[in-house]
Amino acid sequence: MSGPTSSATGMPIDGLLVLQRSDVAHIAAQRERFAGLPLLCIDPGIMDSVIQAGLGEYQLRRLNVPRDMPARVYTETTARVTLIDLLLTNERERLFGPGLFQGWDRNALYLSLHVMLTALALRPLVEADFPEQRLGLLRPDNPVLFNFDSMAPVEVFAANARRWSIVDRYEAGRFWNPLLLQACFDFDGIAQAAAEGRAEALTHLATCFYDVKAFGEAVAARFTHNIDLPSVYCDVPVRRPRMLLKMLADTDPQWIDPRCALYRERARQVLLQQLADLIPARAALELQADTLAQRAYLQAVSYFGLLRALKGRQPHVVVADHDNGYLGPLFSLADTLGSEITVLPHSGYTNSALPHGRRVTAIERVGFGTHVLTMLGQPVATRSVRYRNPPQPHQQPQPRQQLKRLCILVNTMFADGHYRIDLFGLMTLFKGLRARAVAHDLELSVRLKPSTPALNVVAGALGEPAAYFMRCTQLPIEQVAQECDLCLAHGELTTGTINFLDTGSLVLHVSDEDWPTQLAPQAPFLHDRLVQSFHTDALLALVDRLLAEPAEYLRLQQAQAAAYAHRLAGGHDTFFPASSDSRSLVPC
């Protein structure tokens, strides 16, 4: 059997680029058809899925990626989504009248655009480094929302028809849920709850899984009642007596302002224009624009429906910084009603540009030192809160006596098309540190993200059995940090790094790619160089110096610990301030 052929040309292909995890499931369901065809991967997590599925011939290919690629993709993504947001804001202002309507689209579109622009940056690198002349792709037929598996990155690659062809199509990728475009809030139920006096707070905390208990207790302590808005995507209930969700088709037309349909069509035209260069195939472009325009329609329906259901009441709006599409409308609603907004972080600190900063307080877990901004670059008031058990100000860790235990801290090994993971850079770092660990009798461990470790690939790449990684990965990260003298955070910095600062480990960042550390995706302690960043060769040279000069290790460790302790001193014990708390709003 010669393997699959292109559905477009009927020509056989030399290899299949497995771009998304849903591709793996599709191949596994048709093993005989794909038998003998080289499965080519550029994402270590995807290759781990291939291995776990027991598929045949596979390879992980190394790409010659420019050092500034992550920063370029981030910057272009930010520029494009900001432009789209401003263009759609103009349409909202023309149609909706007085109000503050920016910020509905920037965060909601960010992941989708980042997936497409990452594919656009990777395609020429793959074409330059892959010797195969005829490369195949699999295509899920669903459009992109957030960074779900979708047709979008496939369409970007397949735009170069000289090298690429679509081998097969399947109905939908991982996590795709049509209800995202078919369901809306139950405005009748919200109006009833408001009439019953329950509109003291309006809560919507999508994705706050790790902190749902702490956040729920904080809401209950501050507000006697709240109306909790559910979500089809990443729903996190907060004191919810009933599910205030309804199918759009079943919603009474009285709740749907006629301007919403006009806005959908205007949004569609803007999206068609702004996405045309990324998705050149017309049918795919129209499907993508239709999908995002439908979400824009639901945003408008939600804004007007909530405005009418609340009837002028001023609930305190409590939201998460992770935007599932409703952050912008809720910010506009709060401004129209004159409500206060508290933004709770889905991962320790607010890393999104917020729609506006009027009567807004962004919460961070104490220690991050976040500089929260609006999408227009304006500062947002922040409040540092002691949760997730940070050290108290008087509990500064004792200086480490010597450098004996090193830990490489790794974020997820599954890029899922959202960015690129430098597994080969991790290999270089690990081998360099392992040689020094042997020479100096040091303990070296690797902490992988427990939910996405890609253990098969990492173990093979780093040359250690799976058991070597399992202990450190399965232990609570707080215990790993307590046992570590030097934490080397590799690649994209994980928020778990703060646990190592809590225990007084010396924390350094290492990456051979120049991440945009002054921009939102990176943890704030890279912004102000509390944690310094190095390329691998410079990092290994510094480790040599610290081993040769123990006093220098102690100096760096103590200086970082003291600076971090000073940052901890400004924290609060409650999420919501009392009226007498003069420190409740601290400008960035």
Point-to-point distance, once rounded to the nearest 0.5 Å, from [atom1] of [X] to [atom2] of [Y]:
X: Glu364; Y: Ser347; atom1: CD; atom2: OG; value: 12.5 Å
X: Met151; Y: Asn142; atom1: CE; atom2: CG; value: 8.0 Å
X: Leu202; Y: Ile190; atom1: CG; atom2: CD1; value: 7.0 Å
X: Leu86; Y: Glu93; atom1: CG; atom2: CD; value: 9.5 Å
X: Asp228; Y: Arg239; atom1: CG; atom2: CZ; value: 9.5 Å
X: Leu333; Y: Ser302; atom1: CG; atom2: OG; value: 10.0 Å

Run the side chain to side chain contact (heavy atoms under 4.5 Å, CB included) test on Gln182 and Leu248 for me, step by step, so that the C-alpha distance in whole Å, both residues' side-chain angles and the decisive distance to 0.1 Å come before the verdict. CA-CA 6 Å; Gln182 298 169 359; Leu248 184 62; 5.7 Å; no
Pair [X] + [Y]: basic N to acidic O under 4.0 Å:
X: Asp211; Y: Arg388; answer: yes
X: Asp149; Y: Arg21; answer: no
X: Glu200; Y: Arg313; answer: no
X: Asp85; Y: Arg106; answer: no
X: Arg72; Y: Asp514; answer: no
X: Arg80; Y: Asp277; answer: yes

Side chain to side chain contact (heavy atoms under 4.5 Å, CB included), that's the test. Do Glu155 and Ile279 meet it? Break it down for me. CA-CA 6 Å; Glu155 290 292 332; Ile279 308 176; 4.1 Å; yes
Residue from Thr494, Thr452, Leu448 passing side chain to side chain contact (heavy atoms under 4.5 Å, CB included) with Val410: Leu448
Under a 4.5 Å cut-off applied to non-hydrogen side-chain atoms, are [X] and [Y] in contact?
X: Asp323; Y: Ser352; answer: no
X: Val73; Y: Met69; answer: yes
X: Arg268; Y: Leu272; answer: yes
X: Arg383; Y: Thr574; answer: yes
X: Phe148; Y: Asn177; answer: no
X: His204; Y: Asn324; answer: yes
X: Arg94; Y: Arg259; answer: no
X: Asp188; Y: Thr251; answer: no

Whether Arg92 engages the ring of Phe101 as a cation-pi pair (distance to the six-membered ring centre under 6.0 angstrom, angle to the ring normal within 45°) should be assessed. no
Taking all non-hydrogen atoms of both residues, which atom of [X] and which atom of [Y] are closest, and how far apart?
X: Ser150; Y: Val144; value: OG-CB, 3.2 Å
X: Asn107; Y: Ala353; value: ND2-O, 2.9 Å
X: His225; Y: Gly197; value: CD2-O, 3.9 Å
X: Val236; Y: Ala206; value: CG2-C, 4.4 Å
X: Pro391; Y: Leu568; value: O-CD1, 3.9 Å

Do any N or O atoms from the side chain of [X] and from the backbone of [Y] form a donor-acceptor pair under 3.5 angstrom?
X: Ser339; Y: Pro315; result: yes
X: Asp43; Y: Asp416; result: yes
X: Gln314; Y: Leu337; result: yes
X: Arg264; Y: Ala296; result: no

Check the angle between the aromatic planes of [X] and [Y] and answer parallel, tilted or perpendicular using the 30° and 60° thresholds.
X: Phe215; Y: Phe575; result: perpendicular
X: Phe96; Y: Phe304; result: perpendicular
X: Tyr326; Y: Phe185; result: tilted
X: Tyr110; Y: His114; result: tilted

[X] atom [atom1], over 12 foreign heavy atoms within 6.0 Å:
X: Arg359; atom1: CZ; answer: yes
X: Asp252; atom1: CG; answer: yes
X: Tyr210; atom1: OH; answer: no
X: Gln254; atom1: CD; answer: yes

Is there a side-chain hydrogen bond (donor to acceptor under 3.5 Å, both in side chains) between Gln269 and Gln273? Walk through the geometry before answering. CA-CA 6 Å; Gln269 294 304 317; Gln273 182 182 41; over 6 Å; no
[Y] versus [X], side-chain donor and acceptor atoms under 3.5 Å:
X: Trp104; Y: Ser332; result: yes
X: Thr203; Y: Asn226; result: yes
X: Thr342; Y: His316; result: yes
X: Thr336; Y: Tyr303; result: yes

Stepwise side chain to side chain contact (heavy atoms under 4.5 Å, CB included) test for Asp321 and Leu344: CA-CA 6 Å; Asp321 66 310; Leu344 298 176; over 6 Å; no
Would Thr382 and Tyr349 count as a side-chain hydrogen bond (donor to acceptor under 3.5 Å, both in side chains) if you check the C-alpha gap in whole Å, the side-chain angles of each, and the deciding distance to 0.1 Å? CA-CA 10 Å; Thr382 61; Tyr349 67 96; over 6 Å; no
Check the pair Tyr297 / Tyr263 against ring-ring contact (aromatic ring centres under 6.0 Å, His included), numbers first and verdict last. CA-CA 7 Å; Tyr297 173 73; Tyr263 174 58; 9.0 Å; no
With side chain to side chain contact (heavy atoms under 4.5 Å, CB included) as the criterion, how do Glu91 and Glu265 come out once you've worked through the C-alpha distance, each side chain's angles and the decisive distance to 0.1 Å? CA-CA 10 Å; Glu91 300 297 340; Glu265 182 53 34; over 6 Å; no
